[in-house]
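Structure first, commentary second.
Side-chain atoms are counted along with the backbone in the values below, which use heavy atoms only and exclude waters and symmetry mates. Proteins come first, then strands; the chains are lettered A, B, ... in the order of their sequence lines, and each starts at number 1. Just so it is clear, the structure is predicted and the values come from calculations on it, not from any experiment.
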There are 2 protein chains.
Amino acid sequence: MTASHLPEPAGAHRRPTIHDVARDAGVSKTSVSRYFGCERALLSGTMVKRIEAAIERLGFAPDRIASSLRGGRTGLIGMVVADMRNPYTVDMLHGAELACREHGYSLLVCNTDNDDRLERRHLDVLHGYSIEGLVINTPGGNVPTLVARREAGLPMVLVDRHIDGLACDMVGLDNEQAITLGVSHLVDQGYQRLLMITQPGAGISSRKARVRMFRHRAHEADLSAEVHEATEAALDPSRLAVTLEQWLQADEAPGAIVCANAMVTLNVCHALFKLYEAPFQHVGLLGIDDVPWCALVGPGITTVAQPVVDIGHGAIDMLMQRLGGTTGDPQATLFSAHLNPRGSTIIRSS
Amino acid sequence: MTASHLPEPAGAHRRPTIHDVARDAGVSKTSVSRYFGCERALLSGTMVKRIEAAIERLGFAPDRIASSLRGGRTGLIGMVVADMRNPYTVDMLHGAELACREHGYSLLVCNTDNDDRLERRHLDVLHGYSIEGLVINTPGGNVPTLVARREAGLPMVLVDRHIDGLACDMVGLDNEQAITLGVSHLVDQGYQRLLMITQPGAGISSRKARVRMFRHRAHEADLSAEVHEATEAALDPSRLAVTLEQWLQADEAPGAIVCANAMVTLNVCHALFKLYEAPFQHVGLLGIDDVPWCALVGPGITTVAQPVVDIGHGAIDMLMQRLGGTTGDPQATLFSAHLNPRGSTIIRSS
DNA sequence: AACGCCATTGGGAACGTTCCCATTTCAGGT
DNA sequence: ACCTGAAATGGGAACGTTCCCAATGGCGTT
């Protein structure tokens, strides 16, 4: 018998542990643990050198799973998004990833495809991993679960929208300012009637805010303002084209369409190109959310852009503050939009 | 003294453990553990009912961190991508997320922004979390680290490109077929000279394959074929415009531009719109990678589309096979592209 | 010379699971 | 009645860390 332990399979050797390092360096495992933790200052110079040498020799890397178990800190942040393919989500995720990296956290990303049951499942999984914080962009179908987690002490930041009955931090766009900016521009350009196309937003605060403010500002400027809520199906370009044509032919005065987000802008463009070869000679178009291709379509599509990367970054920043121990009432961080004027909001003589 | 343990803070109660459930149900913790694990069949009907009731009462959810420590299986898959903002990456990620969900795994997502040092750091972090598998889309700057992990037994799948000296599974596009499809289309449409714009691809197999095949097919069809490698800076629309104009004016024969990926297509479009009001009356354009806005620009941009979501899904599927114990030589799964013919590849009388 | 204190270091319990092995129970065959 | 073995259950070690507490040793103070 060579050893009292496992025969140790020939090829792959066992990952070294803090124990191995301790033995190799001739110190206690506690000291090695201190080397990695925040008690590094306790160690003497000789000790540090010996530990470092042993780590190098063995190629040791601490096991975060074991560390999480005893230490309680997993270093994991849960990120639950409603629609991974939405450009908004992508940029937000990018900002969040950046911020996590800065703070030494890692992101567990979950996509719910706007499905409440799936969201619920993802929340359970994240709970299983003992995430330290949650950033969530939710349609609002799992309020009880979220409230429970929040009250159990899980730091949580809502993105883009806040949810009634869920007292927690939130990061998003200053929708009032954004819509004011957009409508003022359209007024300045001389449009006399406006149509907003939006997705149905039963419980989604940001969508409701945009519609409310749109009506308000248009009314203030004495313009007629209509709002069309297009369900998933009604966003289909062909069906949308019918709606748009009706609205266009109802009145001779120059009109402009406002798209409530990038998804809507894309579909409205498709619809307009079905109707006209050069649609922007007949109607103005302003999109909320700027995406790279907006500058390429027709004479360029005017947009009101939100700083989405900053929003994602800001979400993590708020989380870090809570993790740092900040208590107190929920905060809302709202970012300002800016205008990208392009050719789609210039009135051509017809 | 009421108890020998902690005074138990008033508000938030401790998360229940398998122990609490066992006590409440009047069974052993082993049985509760069996309830969740794959030894469920060992339990009698009564036992199952009592455990279920206790779980319900306490709101217990197993701790995956503790489970990972002893059990060795973390349920975590690492996903390292070179550029999170690239539409390719987004769709791929979406497919991978979908597949992970099906198999009960969760994704730890890392973005490297094409930075080797950052990629290295992310790989270390993932190693710390004992991921069970790795899907990576790499510029190729950390071969030694990757080889080491692979040889230590970590299942690994490369996405989009394979790396010399790294023997591991790979999922991507059948570049030969894709380019053949694109070039044939251009030939059929009557173009007589071709220009491919690509990003520099020193170590990137997919880029090299596209260039090589482009040259080959063009030569076969007796067309002149030029390739322009645009560095990050040279992708700037203004500088690109100069390059394109030179090429256009060098010859009268009708020519078409092939863009090696969506990023390039976007910038080339910007450049063309700087040169002409209606660029596609002067030059043909074909893009590799289809993105939603391609149909909207000018008369629509013809594309060769890869099934990116399937590629992401496929990557996880391969990983699962390896996790299931499949051994043997590295496999490559290549998907076929399909053509979306649009207005940008129709020759207009000039 | 005895004392106390700070700076270092080490030993061992604990975190919440899973897994190995031992134990109990009971049916069925001799 | 006894033995055998399968089915069901429980006890305790182990996973690799962190953290509490105790121990050691050197040095300045009374």
Side-chain angles (χ1 to χ4, degrees), chain A residues 4-6 8 13-51 54-55 58-76 127-132, chain B residues 4-8 13-51 54-55 58-76 127-130 132:
Chain A
S4 62
H5 277 350
L6 330 163
E8 193 71 40
H13 18 176
R14 194 176 48 86
R15 178 174 176 159
T17 76
I18 216 173
H19 252 102
D20 301 320
V21 175
R23 182 159 20 84
D24 190 85
V27 303
S28 80
K29 61 186 161 44
T30 308
S31 296
V32 180
S33 172
R34 281 200 252 262
Y35 177 83
F36 288 101
C38 34
E39 292 172 295
R40 175 81 141 277
L42 287 182
L43 298 176
S44 69
T46 12
M47 192 64 62
V48 168
K49 281 207 201 81
R50 281 165 64 183
I51 296 178
I55 288 172
L58 302 178
F60 170 78
D63 180 334
R64 301 215 51 168
I65 296 291
S67 154
S68 301
L69 180 57
R70 173 64 228 229
R73 303 207 19 204
T74 56
L76 256 23
H127 179 59
Y129 282 108
S130 299
I131 51 170
E132 289 184 52
Chain B
S4 63
H5 276 350
L6 331 162
E8 192 73 41
H13 19 175
R14 195 175 48 87
R15 178 175 175 160
T17 76
I18 216 173
H19 251 103
D20 302 320
V21 175
R23 183 159 18 84
D24 189 86
V27 303
S28 79
K29 62 187 160 47
T30 307
S31 296
V32 180
S33 172
R34 282 200 252 262
Y35 177 83
F36 289 101
C38 34
E39 291 173 296
R40 176 81 140 278
L42 287 182
L43 298 176
S44 69
T46 11
M47 189 66 56
V48 168
K49 280 206 202 80
R50 281 166 64 184
I51 295 178
I55 288 171
L58 301 179
F60 169 79
D63 180 335
R64 301 214 51 170
I65 296 291
S67 155
S68 301
L69 180 56
R70 174 64 229 229
R73 303 208 18 205
T74 56
L76 256 22
H127 181 237
Y129 281 110
S130 299
E132 290 184 52

*Do any of residues 21-28 of chain A sit with a heavy atom less than 4.0 Å from DNA chain C, and if so which?*
A/Val27, A/Ser28
*Could you tell me whether B/Asp63 and B/Arg15 have a side-chain N and a carboxylate O separated by less than 4.0 Å?*
no
*Annotated protein contacts, base or backbone, on nucleotides 14-19 of chain D with a non-hydrogen cut-off under 4.0 Å, one of B, S, - each*: BBBBBB
*Apply the test side chain to side chain contact (heavy atoms under 4.5 Å, CB included) to residues A/Val21 and A/Tyr35: give CA-CA distance (whole Å), side-chain angles for both, the deciding distance (0.1 Å), then the verdict.*
CA-CA 11 Å; A/Val21 175; A/Tyr35 177 83; over 6 Å; no
_Nearest heavy-atom neighbours spanning B/Ala25 and B/Ala54_ = CB-CB, 3.7 Å
*Could you state the interatomic distance from CD1 (A/Ile51) to CG (A/Asp24), rounded to the nearest 0.5 Å?*
11.5 Å
*asked:* Centre-to-centre under 6.0 Å for A/Phe60 and A/Phe36, is that the case here?
replied: yes
*Where is the tightest heavy-atom contact between B/Leu43 and B/Met47, given as atom of each residue plus distance?*
CD2-CG, 3.9 Å
*asked:* Please confirm whether the shortest side-chain N or O distance from B/Ser31 to OP1 or OP2 of D/dT9 is below 4.0 Å.
replied: no
*Write down the distance between CE (B/Met47) and C1' (D/dA7), rounded to a whole number of angstrom.*
12 Å
*Under 4.0 angstrom, heavy atoms only, what part of the nucleic acid is B/Leu43 near: base, sugar-phosphate, or nothing?*
sugar-phosphate
*Measuring from B/Arg23:CZ to B/Ser28:OG, what's the distance to the nearest 0.5 Å?*
13.5 Å
Listed pairs under 3.5 Å, donor-acceptor, residues 67-74 of chain B side chains, sequence neighbours left out:
| residue | atom | partner | partner atom | Å |
| --- | --- | --- | --- | --- |
| B/Ser68 | OG | B/Arg64 | O | 2.5 |
| B/Ser68 | OG | B/Arg73 | O | 3.4 |
| B/Arg73 | NH2 | B/Tyr105 | OH | 3.1 |
| B/Thr74 | OG1 | B/Leu76 | N | 3.3 |
| B/Thr74 | OG1 | B/Ser130 | O | 2.8 |

